[in-house]
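Below: the structure, in structure tokens.
Since the structure is predicted, the reported quantities are computational estimates derived from the model, not experimental observations.
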Amino acid sequence: MTDQAPYPIGTPGQPWGDSEKAEWRSLQTRQRSYETDVVRAIESLRSRFDVVEYGRLDYAPDTYALLAIKSREWRDELPSVLVTGGVHGYETSGVHGSLRFVEQHADDYAGRVNLLVAPCISPWAYERIHRWNAHAVDPNRSFRDDSPAEESAALIRLVAPLRDRVLVHIDLHETTDTDETEFRPAKAARDGEDSVPGEIPDGFYLVGDSENPQPEFQQAVIAAVARVTHIAPADRNGEIIGSPIVAPGIINYPVRKLGLCAGITRARYTTTTEVYPDSPRATAEQCNAAQAAAVCAAIDFALSQ
Ligand SMILES: [Zn+2]
């Protein structure tokens, strides 16, 4: 037990049912526009890239077109690169960092790789600055067969034909102060568990795949991002968010077992970025730049091998 105030929805120790989820959903309000911030930015890229609608979310009264950006000159003999952002809609720099990568850097890779960029996997949550979709499901535990999240299922379908031909997949995230103040307590309440206090690391870090860790690749990404923003130190236990670091700024998870986005391809090189936007030492601009730098470094490393 903890001495925190109980989460305002549900009964402590009992998992939420449909009525608690409906109550939660009724409290979520639209705070920004996917259409204005994301769809328009993607539309402005149509002169240089192909845009595909790979699914549609129907959360009445709202619907959302799921959009991905593709290299116009797609050539099957080239390696493919998958960039995903906004799997967690509130993690703003994942969305805008992936768009920034396309706007400013994608042309540098023309004729060398095929790019597939899905900047905002979870638009309902982007608008509500939340982690879950409208059904209180975390898309980033849902990249599995018979997914409970349509956001995840749609991306799996988009990527399925390429699954064995992706060389690099980089999934862009953030770790924020609201993880500790809101989202971890909400998850514990939803699941009928106690909320265990944790720490939020100050700085950028990466989550690799413990089944395919590729340490030199991860270190190359860290080195590139360190020129843009600071890397998170380990805590006094030598850990970041409860996992032992394997190198400065790097932890590993079994990404496929956990149903994480980074496990949806058979890519040789995969990583998940975690930017810390609440740091007094990092601006929003720096966070977007850090995400774009991570994408470039990931591709550059893979192409150098
Ligand atoms: Zn995330």
Side-chain angles (χ1 to χ4, degrees), residues 28-74 81-110 113-134 139-140 149-155 157-159 169-174 176 178 228 261 273 275 277 282-296 299:
Q28 307 310 316
T29 56
R30 208 163 159 266
Q31 300 180 59
R32 55 188 181 183
S33 167
Y34 174 64
E35 179 70 32
T36 303
D37 297 356
V38 181
V39 176
R40 277 190 208 161
I42 293 174
E43 291 299 329
S44 74
L45 294 163
R46 271 192 194 269
S47 61
R48 292 191 283 147
F49 299 91
D50 288 348
V51 175
V52 292
E53 182 178 323
Y54 66 91
R56 196 161 260 278
L57 300 176
D58 188 9
Y59 293 135
D62 302 309
T63 62
Y64 298 91
L66 298 172
L67 300 175
I69 302 156
K70 281 180 75 174
S71 299
R72 179 146 294 161
E73 309 289 330
W74 192 280
V81 172
L82 175 64
V83 181
T84 45
V87 170
H88 289 138
Y90 70 113
E91 295 171 5
T92 306
S93 72
V95 177
H96 294 288
S98 60
L99 288 168
R100 180 191 180 109
F101 164 75
V102 178
E103 287 158 1
Q104 298 188 7
H105 304 286
D107 286 339
D108 299 346
Y109 298 99
V113 299
N114 301 314
L115 289 171
L116 178 61
V117 181
C120 189
I121 306 289
S122 188
W124 184 91
Y126 175 84
E127 292 195 330
R128 285 151 187 86
I129 313 188
H130 209 287
R131 186 173 174 88
W132 297 339
N133 72 8
N140 209 29
E150 177 54 22
E151 292 82 356
S152 312
L155 188 72
R157 288 194 297 272
L158 173 72
V159 171
H169 175 201
I170 181 164
D171 187 33
L172 308 182
H173 285 250
E174 294 181 343
T176 72
T178 51
V228 180
C261 187
T273 67
V275 158
T283 62
E285 163 70 17
Q286 251 175 326
C287 293
N288 293 341
Q291 301 280 23
V295 177
C296 292
I299 302 171

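Residues Val83 and Leu116 have side chains not in contact (no heavy-atom distance under 4.5 Å, counting atoms from C-beta outward). At least one side-chain heavy atom of Tyr126 sits less than 4.5 Å from a side-chain heavy atom of Asp37. Val295 has its side chain out of reach of His105: every pair of non-hydrogen atoms, C-beta onward, lies at least 4.5 Å apart. At a threshold of 4.5 Å between non-hydrogen side-chain atoms, the residues Arg48 and Asp107 count as touching. Using a 4.5 Å heavy-atom threshold, the side chains of Leu57 and Thr63 count as separate. A heavy-atom distance below 4.5 Å is not found between the side chains of Tyr109 and Val81. Taking 4.5 Å as the limit, some side-chain heavy atom of Asp62 sits within range of a side-chain heavy atom of Tyr64. Considering only heavy atoms from C-beta on, Pro123 stays 4.5 Å or farther from Glu35 through its side chain.
With respect to Glu174 and Arg131, no salt bridge is recorded, no charged nitrogen being found less than 4.0 Å from a carboxylate O.
Here OG of Ser47 is found 7.0 Å from CZ of Arg72. Values are rounded to the nearest 0.5 Å. Note: Ile170 CD1 to Ile299 CD1 = 8.0 Å, rounded to the nearest 0.5 Å. Taking CG from Asp171 and SG from Cys261, the interatomic distance works out to 4.0 Å, rounded to the nearest 0.5 Å. In this structure, OG on Ser122 lies 10.0 Å from CD on Glu91, to the nearest 0.5 angstrom. Put simply, CG on Leu158 and CG on Leu67 are 11.0 Å apart, with the number rounded to the nearest 0.5 Å. Atoms OG and CD1, from Ser152 and Ile121 in turn, are 8.0 Å apart once rounded to the nearest 0.5 Å.
Of the possible donor and acceptor atoms, none in the side chain of Thr273 sits under 3.5 Å from a partner among the backbone N and O of Gln291. Checked by atom type and distance alone, the side chain of Glu127 pairs as donor or acceptor with a backbone atom of Tyr34 at under 3.5 Å. Gln286 contributes a side-chain N or O that, together with a main-chain N or O of Thr283, makes up a donor-acceptor pair within less than 3.5 Å. A donor-acceptor pair under 3.5 Å is absent between the side-chain atoms of Thr36 and the main chain of Ser33, judged by distance alone. Counting only distance, with no hydrogens or angles, the side chain of Ser98 and the backbone of His96 share no donor-acceptor pair below 3.5 Å. Looking at Arg128, its side chain does come within 3.5 Å of a backbone N or O of Trp124 through a donor-acceptor pair.
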Inset, instruction - Please assess Phe101 against Leu172 for the test side-chain contact (heavy atoms from CB on, under 4.5 Å), listing each intermediate value before the final yes or no. - result: CA-CA 11 Å; Phe101 164 75; Leu172 308 182; over 6 Å; no
Legend entry - Glu103 and Arg100: CA distance, side-chain angles, deciding distance, salt bridge (charged side-chain N to carboxylate O under 4.0 Å, His left out) verdict: CA-CA 5 Å; Glu103 287 158 1; Arg100 180 191 180 109; over 6 Å; no
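Test Leu115, Asp50, Leu99 against Ile69 for side chain to side chain contact (heavy atoms under 4.5 Å, CB included) and you get one pass: Leu99.
Heavy-atom minimum distance, Ala41 versus Ser44: O-OG, 2.7 Å. In plain terms, the two heavy atoms of Gly89 and Arg32 that are nearest each other are O-NH2, 3.1 Å. Nearest heavy-atom pair, Ala282 versus Cys287, reported as atom, atom and distance to 0.1 Å: CB-SG, 4.3 Å. Nearest approach of Ala290 to Val228, heavy atoms of both residues: N-CG1, 3.7 Å.
Taking the six-membered ring for Trp and thresholds of 30 and 60 degrees, His88 and His173 have ring planes more than 60 degrees apart, a perpendicular arrangement.
Using a 3.5 Å distance cut-off with no hydrogens or angles, the side chains of Asn288 and Ser93 do not pair a donor with an acceptor.
Arg157 forms no cation-pi arrangement with Tyr54, by the criterion of a distance under 6.0 Å to the ring centre and an angle within 45° of the ring axis.
Considering only residues two or more places apart in sequence or on other chains, Glu53 meets the side chain to side chain donor-acceptor pair (under 3.5 Å) condition with Arg56.
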